[in-house]
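Proteins come first, then strands; the chains are lettered A, B, ... in the order of their sequence lines, and each starts at number 1. Because only heavy atoms are used, hydrogens play no part in the values below, and waters and symmetry mates are left out as well, while side chains stay in.
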2 protein chains.
Amino acid sequence: MTDTEHPPQRPTKGERTRRHVIDTAAELFSRSGYRAVSLRDIAAHSGLSHAGVLHHFPNKEALLVHVLSRRDEIDAPLVLDADLSHRELIDNLVELVERNTASPGPVSLFVNLSAEATDPAHPAHDYFFGRYRVLREHLASAFAALLDGRPEPTPEVAATQFIALQDGLQVQWLLDPGAVDMRAAVVSFLHTLGIPTSAPAPTTDERPS
Amino acid sequence: MTDTEHPPQRPTKGERTRRHVIDTAAELFSRSGYRAVSLRDIAAHSGLSHAGVLHHFPNKEALLVHVLSRRDEIDAPLVLDADLSHRELIDNLVELVERNTASPGPVSLFVNLSAEATDPAHPAHDYFFGRYRVLREHLASAFAALLDGRPEPTPEVAATQFIALQDGLQVQWLLDPGAVDMRAAVVSFLHTLGIPTSAPAPTTDERPS
DNA sequence: GTCTATAGAGGGATAGAC
DNA sequence: GTCTATCCCTCTATAGAC
């Protein structure tokens, strides 16, 4: 106990390995889903034995829960914060698409897990059930303002469509990244609904042709 | 060989079990994905041993291929037939959504498998890669005519969006069937694009209130 | 055509040493 | 906090009897 005067800032070694295991698990779950990845896979990629992993988490399922809530810590504030204006929310949603386009890992995690979790017996079923409910309601109330005057998609339908569009785009994009422009598809969807987007252009391929 | 004078009409017993195994496999893959379902599961639900299953198919992967192509035999003509008019194609797409709403099994099969197959090492990766390419191109050429005059979604983007919408809706619907009206979302999307739908109403909940 | 038996790999989880 | 060793289960696939 000589070296122990470090509060939250400097995590203990245990805490560091623990987080490293979560990150590794996230990456592997991303590639192949939850069920197809073994504790031994995760352990090997984390640099310890599978018993070592089970020292930090009581079982594989608990590890999954930590992986999911870690993603939520990162993404939820961008979308679910109640203080966001509608403008900011839309901007954040588009920004999220751009960020996703840059990193297939988390995208693959959610594509794989949300499909698996469709099974009511899956450990993440309740998580995704609740997640989509909250997301739909939150987006619906934003669309209620943004679609003011339009008869056709009700705010609830628009929210469902928007989420579905994103999820579906991710599958196509993961299968064939060169053939699918997720950002263009999302932005064009918003425009079709009469919702302007402010973000300028994908800064990537600006070349003086 | 006493009882063998029956051509294609009356399938042999072997052929019948074989088909039964494919159907059973389809149902189980639907619920839990390909990797999570074992040959023993399939065998048990088919009423034979796992060795019995392997008599009909060289391995699990071959069985998957048969499951997939069986679905295609059923659904492809409705969508990919080159002789369809644009009107008929749209009607068929909406009809397919209605049919899906009535049967979660095949929906779950494709949701689970397309997510898994995102991994390039998955046995069905090439199948889905090609399937989405063909589907996008086919729908894009239909949208090219249907969207005549509209600037915003290009036919390619519209095709990508339409397919994504359907796939994404299926995930939400499987998780929470009561909260998602797939047909309404698809029809409203088409209307937003200025494409009318002719199918009248979901005949289900017609009750004299 | 279907079975039992078995091989051989790999899974999750626990016990106990260090 | 991490390891090795082990338990017991399930997997795919094969061999050979019936």
Take the protein atom [atom1] of [X] and the nucleotide atom [atom2] of [N], then report the distance between them rounded to whole Å.
X        : N       : atom1 : atom2 : value
Lys13(B) : dG1(C)  : NZ    : C1'   : 7 Å
Arg16(B) : dG1(C)  : CZ    : C1'   : 13 Å
Phe57(A) : dG12(C) : CZ    : C1'   : 16 Å
Glu61(B) : dA13(D) : CD    : C1'   : 14 Å
Leu63(A) : dA13(C) : CG    : P     : 10 Å
Leu54(A) : dG11(C) : CG    : C1'   : 12 Å
Ile42(A) : dA13(C) : CD1   : C1'   : 14 Å

ask   = Do the ring planes of His122(A) and Tyr34(A) sit parallel (below 30°), tilted (30 to 60°) or perpendicular (above 60°)?
value =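 Ring orientation of His122(A) relative to Tyr34(A): perpendicular.
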Check your understanding: What class does the angle between the rings of Phe162(B) and Phe189(B) fall in, given that below 30° is parallel, 30 to 60° is tilted and above 60° is perpendicular?
Key ->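 It falls in the tilted class, 30° to 60°.
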If you only use heavy atoms from C-beta on, which nucleotide in dT2(D), dC3(D), dT2(C) is closest to the side chain of Ala51(A)?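 In terms of side-chain proximity for Ala51(A), the closest of dT2(D), dC3(D), dT2(C) is dC3(D).
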Notebook entry, point to check: For the residue pair Asp41(B) and Ala36(B), what are the closest heavy atoms and their distance?
Noted result: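 Closest approach of Asp41(B) to Ala36(B), heavy atoms only: OD2-O, 4.2 Å.
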Is it the case that Glu88(B) and Ser85(B) place a side-chain donor and acceptor less than 3.5 Å from each other?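 Ser85(B) and Glu88(B) do have a side-chain donor-acceptor pair below 3.5 Å.
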**Asked** Tyr132(A) and Ser114(A): side-chain contact (heavy atoms from CB on, under 4.5 Å), yes or no, with the steps?
**Response** CA-CA 10 Å; Tyr132(A) 278 105; Ser114(A) 61; 4.0 Å; yes
Could you pull out the protein-nucleic contacts involving nucleotides 6-11 of chain D (nitrogen or oxygen on both sides, under 3.5 Å)?
from    : atom 1 : to       : atom 2 : distance (Å)
dC11(D) : OP1    : Ser38(B) : OG     : 2.8

| task | Under 4.0 Å between any heavy atoms, over every strand shown, what does Leu48(B) touch: base, sugar-phosphate, or nothing? Just pick one. | result |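 Result for Leu48(B) = sugar-phosphate.
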*How long is the gap from OG on Ser108(A) to CZ on Arg31(A), to the nearest 0.5 Å?*
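The OG atom of Ser108(A) sits 9.0 Å away from the CZ atom of Arg31(A).
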Rounded at 0.5 Å granularity, tell me how far NE2 in His20(B) sits from CD in Glu15(B).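 One finds 13.5 Å between NE2 of His20(B) and CD of Glu15(B).
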OP1 or OP2 of [N] under 4.0 Å from side-chain N/O of [X]:
X        : N       : answer
His55(A) : dT14(C) : no
Ser49(B) : dC3(C)  : yes
Thr17(A) : dT2(D)  : yes

